[in-house]
Each structure stands twice: as C-alpha cells, then as structure tokens.
Amino acid sequence: MEKKNIDWGSLSFSYIPTDKRYVANYTAETGKWDEGKLIDDDKIVMSEDAGVLQYSQSVFEGLKAYTTVDGHIVTFRPDENGKRLYSSAERLEIPPLPVEQFIDSIRQVVKGNETWVPPYGTGASLYIRPYIFGISPVIGVSPADDYQYRAFATPVGPYFKGGAKPIYVRISDFDRAAPRGTGHIKAGLNYAMSLHAIVDAHKNGFSENIYLDPATRTKIEETGGANILLVDQDDTLVVPKSDSILPSITRKSLVYVAEHYLGMKVVQREVYLSELREGNFKEVGLCGTAAVISPVGKINDHGYDIEIASGMDEMGPWMTKLRKTLLGIQEGEIEAPEGWIEVIE
Ligand code: PLP
Ligand code: COI
C-alpha cells in the first residue's frame with residue numbers, strides 16, 4: 001500500500017478531501033439507523049429547509065488515527081467519542097447512533113483512507129470528523145424527522161502554528177455557553193457562538209479566547225476548541241470544574257497519565273481568574289484532540305498581561321512530560337492502559 005505523496009511534516013490543520021467517507025441514514029419512518037457504507041462522493045444534496053440549515057441541529061466529534069512506531073494504524077479511545085456523540089445527540093433531540101456502529105464507522109473510514117494516514121514520526125495524523133445532522137425539512141421550531149451520519153477523514157498537522165510553541169491568548173468578553181445550556185456537548189452551535197470572538201481575537205494578535213463561566217464571569221472555563229490544564233506552585237495538575245465545558249477525552253486521558261504515569265497529584269476544582277492574576281500557576285496548557293497540548297505563555301486580561309512562569313520561549317517541564325507521555329502512548333512507544341488503543345491494522 002503506497003502512501004499519498006504529501007509533505008506530511010508541513011501539513012497544517014486544514015481540510016483535504018480524502019477517498020472515502022462513511023454515510024448512514026436515519027428516517028422517522030423506519031425508526032432506526034440503516035447499516036451505513038463507505039462512499040466516494042464528498043458532496044451532500046439536501047432540502048433547502050433541512051433542520052441543520054434552519055435551526056443548526058447538528059452534533060459532531062473529532063478523533064485521530066496514527067501510525068505507531070511498529071507500523072500499525074491505530075485510533076485512540078474511539079469508544080469515548082462514540083459515547084460523547086451519543087449524549088450530544090440526545091441533548092439536541094437527534095436519534096443517537098449506536099456506539100458499536102460509530103466504532104465500526106471509524107474503522108471503515110480509516111481503512112478506506114489508509115494511504116492518507118501519515119507515517120510514524122512526521123508529527124501529522126489523520127483527523128476523523130464524524131457528525132450527525134437533521135436532513136429533512138422543518139419550518140416550525142422542531143427536530144427534523146430524518147438524519148444523516150457521516151464520518152470523513154483528513155490528514156492534519158498542528159492546530160496552532162508552531163506545534164508545541166507557547167501561545168498568547170486572551171480572556172474573552174464573549175461567552176461560548178450559557179448556564180444550563182449546551183456547553184457540555186459537542187454541537188456545531190457552540191462553535192458558531194465562538195466565531196466572532198475568535199476572528200476578533202486573531203485580529204488583535206491572540207491565538208485563542210479563554211471563556212469565563214457565563215453565570216458569574218469570575219472562573220475560567222475553556223477555550224473555543226480545547227480544555228485548560230494548569231500546574232500550581234506545588235506541582236499539582238489543576239483542571240477546571242464546570243457544567244458548561246466539554247468533557248475532553250484528551251483531558252480525561254491526561255489526568256490518568258498525570259496520576260498513574262507521572263505520579264502527579266490532580267485536582268478538579270473551580271479555578272478563579274483572580275488566581276491566575278495572582279500568579280498561582282506556573283504552567284498553563286490547552287488540551288484536546290486537535291490541540292494535543294499547547295502551552296500558554298501569556299494571557300491578556302483586558303489589556304494587562306498575565307505572564308506564565310514557563311514563558312513564551314518553550315513549553316514548561318510538566319506540560320512537556322504530559323505531552324510526550326500521551327503522544328508516546330498514542331504512537332505505541334509507551335505501553336497504553338487497557339482499551340485505549342484500537343488497532344485498525
Ligand atoms: N473543548 C472544546 C470546546 C473542544 O472543541 C474540544 C475538542 O474536541 C475539546 C475541549 C477537547 O476535547 P477532546 O479532548 O475530546 O478532543
Ligand atoms: C477537536 O479537537 O477534535 C475539535 O473538535 C476542536 C476543533 C476546534 C478543531
């Protein structure tokens with residue numbers, strides 16, 4: 001099997017159509033998902049009045065396939081993405097896709113695009129984007145009758161330019177989630193909410209926005225596309241607690257790595273912006289499937305710069321260890337906890 005002729009090391013995080021995508025359909029008439037299959041066509045034809053186009057009825061996931069050091073193609077904890085897609089769908093009145101079908105679809109998409117899976121050691125990976133959307137017409141505000149599930153794959157490089165280089169972010173005056181809203185699920189509407197804020201952040205020289213808790217605006221939550229990790233002065237890994245942040249699979253995995261591989265103490269708790277201002281954290285990072293771990297070197301808080309001790313030159317020691325261990329597990333260099341690695345072939 002010959003790999004595509006791509007300069008893998010220079011890929012950015014952008015979309016390149018690949019050969020195969022998986023498609024399954026749900027109709028109210030049958031009351032179930034069909035068995036689904038791989039197709040070649042990357043275009044979708046649907047009603048001008050489809051539920052997704054009118055009321056943004058869509059949920060999605062993101063996960064990656066890697067080539068391991070011994071040449072296998074693997075995915076990382078796809079069952080977790082399947083479960084999260086299931087609960088995201090339930091929250092938006094979308095018929096959930098069975099988790100087993102989700103896992104099978106990921107397997108098929110990766111196998112169908114194996115020539116697009118970046119080789120080991122290139123720093124690139126195959127990003128898989130599964131999603132479900134309302135495809136039948138709706139005009140009054142209501143869920144659609146019929147849905148489509150798709151999963152496509154695209155080879156990607158680092159989400160933030162420069163990969164593991166520290167980034168400069170800001171505290172946002174916009175909110176991405178509402179109290180008791182949809183911040184905890186992976187729905188397109190949460191990202192639509194963040195688009196103006198991210199364009200404005202980029203215009204002003206910041207890589208991302210840190211959102212505050214929408215009820216009191218005193219606690220830090222997450223960024224537009226990643227959770228936040230902090231290391232305090234006692235070398236404890238602190239992860240923010242909130243009902244309106246996305247439960248990141250990367251974060252859940254890093255918490256396990258911190259406790260069981262690195263012997264760190266981990267605390268999940270509310271984190272006040274005032275603690276950041278007071279310099280209580282020596283390292284800050286963003287984590288997610290796309291971001292892996294990106295160190296934060298500086299945080300702009302309404303014109304005032306909070307300088308993180310690890311600085312803007314390089315990643316701090318704890319974030320470096322966390323990142324290396326997680327990538328080592330994903331790429332088969334470090335033994336993985338039971339059930340984390342799904343070997344495709
Ligand atoms: N938070 C947001 C808002 C995200 O979009 C993502 C990306 O999926 C994450 C956190 C990280 O989640 P995960 O580690 O499951 O990719
Ligand atoms: C991911 O990390 O998979 C995401 O969905 C984040 C997105 C902003 C690219």
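Read the numbers this way: they start at 1 and go in the same order the structure lists the ligands and their atoms. Throughout, residue positions are numbered sequentially from 1 according to the sequence presented.
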**Request:** Check the surroundings of atom NZ in Lys3: do more than 12 heavy atoms from other residues, nucleotides or ligands lie under 6.0 Å from it?
**Result:** yes
**Item:** Ionic contact status for Lys282 with Asp232, cut-off 4.0 Å
**Value:** no
**Prompt:** Is there a donor-acceptor pair closer than 3.5 Å between any side-chain N or O of Arg107 and the backbone N or O of Val343?
**Reply:** yes
**Prompt:** Hey, is Glu222 close enough to Arg251 for a salt bridge, meaning N to O under 4.0 Å?
**Reply:** no
Could you list each nitrogen or oxygen of ligand 1 that sits under 3.5 Å from a protein nitrogen or oxygen, with the atom names and the distance?
| from | atom 1 | to | atom 2 | distance (Å) |
| --- | --- | --- | --- | --- |
| ligand 1 | 1 (N) | Glu222 | OE1 | 2.6 |
| ligand 1 | 5 (O) | Lys186 | NZ | 3.2 |
| ligand 1 | 5 (O) | Tyr191 | OH | 2.5 |
| ligand 1 | 8 (O) | Lys186 | NZ | 2.8 |
| ligand 1 | 12 (O) | Ser248 | OG | 3.4 |
| ligand 1 | 14 (O) | Ser248 | OG | 2.6 |
| ligand 1 | 14 (O) | Ile249 | N | 3.3 |
| ligand 1 | 14 (O) | Thr250 | N | 2.9 |
| ligand 1 | 14 (O) | Thr250 | OG1 | 2.5 |
| ligand 1 | 15 (O) | Arg84 | NH1 | 2.8 |
| ligand 1 | 15 (O) | Arg84 | NH2 | 3.0 |
| ligand 1 | 15 (O) | Ile249 | N | 2.8 |
| ligand 1 | 16 (O) | Thr289 | N | 2.9 |
| ligand 1 | 16 (O) | Thr289 | OG1 | 2.5 |

**Item:** Side chain to side chain, Ser47 and Ile135, heavy atoms closer than 4.5 Å
**Value:** no
**Request:** Decide yes or no for Val267 and Val239: does some side-chain heavy atom of the first lie under 4.5 Å from some side-chain heavy atom of the second?
**Result:** no
**Message:** Please determine whether a side-chain nitrogen of the Lys or Arg among Asp19 and Lys4 lies less than 4.0 Å from a carboxylate oxygen of the Asp or Glu.
**Reply:** yes
**Message:** Over 60° means perpendicular and under 30° means parallel, so tell me whether Phe102 and Tyr149 are parallel, tilted or perpendicular.
**Reply:** tilted
**Asked** Are any of the side-chain nitrogens in Asp173 or Arg217 under 4.0 Å away from the carboxylate oxygens of its partner?
**Response** yes
**Complete:** Near ligand 2 (heavy atom, under 4.0 angstrom), the protein residues are Phe13, Phe60, Gly62, Tyr127, Arg129, Tyr159, Lys186, Gly225, Thr289, Ala290
